[in-house]
Amino acid sequence: METSEIIETLSGVEQVLRRHADGEAALDASVAYTLVATLAACRRELEERWEQE
């Protein structure tokens, strides 16, 4: 995953959470699961990079 892709992905997660926090959108279980999986994938990628440095 490219750094730009990680940034774009995290930005998307931020937007979803912001809409939920602002009351503009519901955060149902399927959306929450997708966010958790997305964040976990970004974390794993960053951990791998950290270990390589």
Side-chain angles (χ1 to χ4, degrees):
M1 185 181 285
E2 299 284 329
T3 300
S4 61
E5 292 173 312
I6 293 173
I7 293 169
E8 184 178 340
T9 299
L10 293 174
S11 178
V13 169
E14 177 188 13
Q15 290 173 12
V16 170
L17 292 174
R18 188 175 307 279
R19 285 195 306 264
H20 172 69
D22 291 343
E24 298 173 12
L27 187 61
D28 62 24
S30 65
V31 173
Y33 180 80
T34 300
L35 293 177
V36 168
T38 300
L39 291 171
C42 288
R43 178 189 49 79
R44 283 190 304 271
E45 177 68 25
L46 292 172
E47 284 176 341
E48 288 176 16
R49 290 180 185 199
W50 183 268
E51 290 173 4
Q52 292 175 1
E53 288 183 3

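Counting from 1, the numbers follow the sequence of the chain as shown.
The shortest heavy-atom contact between Ile6 and Cys42 is CG2-SG, 4.2 Å.
For residues 29-39, the set of pairs meeting the side-chain hydrogen bond (donor to acceptor under 3.5 Å, both in side chains) definition, not counting sequence neighbours, comprises Asp28-Ser30.
With a 6.0 Å radius and a threshold of 12 heavy atoms from other residues, nucleotides or ligands, Glu2 has its CD atom at or below the threshold.
When the side chains of ILVMFWY residues are joined at heavy-atom separations under 4.5 Å, either directly or via intervening members, Leu46 and Leu39 end up in a single hydrophobic cluster.
Judged as a side chain to side chain donor-acceptor pair (under 3.5 Å), and not counting sequence neighbours, Glu48 has no contacts.
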Show which side-chain atoms of residues 7-20 pair as donor or acceptor with protein atoms under 3.5 Å away, not counting sequence neighbours.
from  : atom 1 : to    : atom 2 : distance (Å)
Thr9  : OG1    : Glu5  : O      : 2.8
Glu14 : OE2    : Arg18 : NH2    : 2.7
His20 : ND1    : Ala25 : O      : 3.4

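Between Glu53 and Arg49 there is no salt bridge, since no side-chain nitrogen of the basic residue lies less than 4.0 Å from a carboxylate oxygen of the acidic one.
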